[in-house]
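Okay, structure first, notes after.
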Amino acid sequence: GTTFYSNPALTSDGRLALTSSDKSVHLVDATSGTVVWKVAPGREPFVAPALSLGESLFAPDGNGTLYALNAADGATRWTFSATHAIWSAPVPQGELLYVASLDHNLYAVRAANGQLAWSRDLGAALAGGPAVVNGLVLIGTFDGRVVALDAAHGREVWTTQAKGWVWGAPVVVDESA
């Protein structure tokens with residue numbers, strides 16, 4: 001009876017983390033299909049996939065809250081709130097998680113404690129996640145731009161216009177470019 005809108009995340013111990021429309025996160029044994037735990041921290045359905053990183057799962061809900069969950073038992077470690085929905089998984093780089101929101105902001109959040117390192121209002125909704133390469137965070141916007149921000153501080157480095165909405169995450173083909 002539960003609908004899953006996104007792909008599962010594979011944890012380091014071979015389990016699957018699934019986010020669902022019933023406002024819950026499930027950890028499932030990939031071999032047997034047995035539910036290890038299920039928690040329902042969300043206020044809205046989860047649209048984006050979770051991110052598995054070390055002993056934590058990071059799950060963004062449709063209300064704009066990013067939950068950091070203990071992978072062992074699903075207990076909430078911390079939360080971070082954007083002002084609108086998050087439709088993509090956070091992207092890790094070093095100590096930061098880059099979180100795109102429909103509130104027009106790209107957030108750099110500290111993975112250890114959920115504190116905001118920086119945010120950048122890009123003037124249009126961000127539905128797809130970012131890509132991080134060579135010290136840049138690349139993100140597409142609903143007003144048809146691809147923007148490169150300095151990963152450390154969020155300053156705009158360059159922008160280019162696409163032919164329409166940019167819904168998905170940029171794909172990096174050649175990291176030396």
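- Side-chain rings of Trp167 and Phe142 approach one another, their centers coming within less than 6.0 Å.
- In this structure, the side chains of Leu69 and Thr76 come closer than 4.5 Å at one or more pairs of heavy atoms.
- To the nearest 0.5 Å, the span separating NE2 on His26 from CG on Leu57 amounts to 12.5 Å.
- The two residues Tyr5 and Ser21 make their nearest non-hydrogen contact at CE1-CB, 3.5 Å.
- How far CG of Leu116 is from OG of Ser81: 11.5 Å, rounded to the nearest 0.5 Å.
- Cluster membership check: Val137 does not share its hydrophobic cluster with Val157, using side-chain heavy-atom separations under 4.5 Å among Ile, Leu, Val, Met, Phe, Trp and Tyr.
- Judged by distance alone, the side chain of Trp78 and the main-chain N or O of Ala111 form a donor-acceptor pair under 3.5 Å.
- Side chain of Thr141 to main chain of Arg145: a donor-acceptor pair is present (N/O by atom type, distance under 3.5 Å, no hydrogens or angles).
- In terms of modelled atom types and a separation under 3.5 Å, the side chain of Asp61 and the main chain of Arg43 share a donor-acceptor contact.
- Minimum heavy-atom separation, Arg77 to Ser56: NH1-OG, 2.6 Å.
- For the atom pair CD1 of Ile86 and CG of Leu102, the computed distance is 9.0 Å after rounding to the nearest 0.5 Å.
- Between the OG1 atom in Thr79 and the CG atom in Leu66 there is a gap of 8.5 Å [rounded to 0.5 Å].
- In this structure, the side chain of Thr19 engages the main chain of Ala48 through a donor-acceptor pair within 3.5 Å.
- Hydrophobic clustering places Trp118 together with Val91 (ILVMFWY residues linked when any side-chain heavy atoms are closer than 4.5 Å, directly or through intermediates).
- Side-chain atoms of Asn134 do not come within 3.5 Å of backbone N or O of Leu136 as any donor-acceptor pair.
- Contact of the Val25 side chain with the Leu18 side chain is not registered, since no non-hydrogen atoms from C-beta on lie closer than 4.5 Å.
- For the residue pair Leu97 and Pro90, the shortest heavy atom distance occurs at CB-CB, 4.2 Å.
- Without hydrogens or angle criteria, Asp103 side chain to Thr83 main chain gives a donor-acceptor distance under 3.5 Å.
- Between Ile139 and Pro130, the shortest heavy-atom distance links the atoms CD1-N, 3.6 Å.
- The minimum heavy-atom distance linking Leu126 with Leu106 is given by the pair CD1-N, 3.6 Å.
- Side-chain atoms of Trp165 never come within 3.5 Å of backbone atoms of Gly140 as a donor-acceptor pair (strictly under, hydrogens ignored).
- The aromatic rings of Phe80 and Tyr107 sit perpendicular to each other, their planes meeting at more than 60°, with 30° as the lower class boundary.
- Listed here is the closest heavy atom pair of Leu96 and Ala151: CD1-O, 4.2 Å.
- Contact annotation: the side chain of Val147 approaches that of Thr159 to within less than 4.5 Å [non-hydrogen atoms, C-beta and beyond].
- In the hydrophobic clustering of this structure, Val99 groups with Leu53; members are Ile, Leu, Val, Met, Phe, Trp, Tyr whose side-chain heavy atoms approach within less than 4.5 Å, directly or through other members.
- In this structure the side chain of Phe46 reaches within 4.5 angstrom of the side chain of Pro41, judged on heavy atoms.
- Remark: Asp22 CG to Thr2 OG1 distance equals 4.0 Å, nearest 0.5 Å.
- Distance CD/Glu156 to CG/Leu122: 7.0 Å, rounded to 0.5 Å.
- Clustering ILVMFWY residues whenever any of their side-chain heavy atoms sit less than 4.5 angstrom apart, transitively, puts Leu10 in the very cluster that holds Phe4.
- Val132 and Leu138 are not part of a single hydrophobic cluster, where members link through side-chain heavy atoms under 4.5 Å apart.
- The closest donor-acceptor contact from the side chain of Glu55 to the backbone of Ala72 lies at 3.5 Å or more, if one exists at all.
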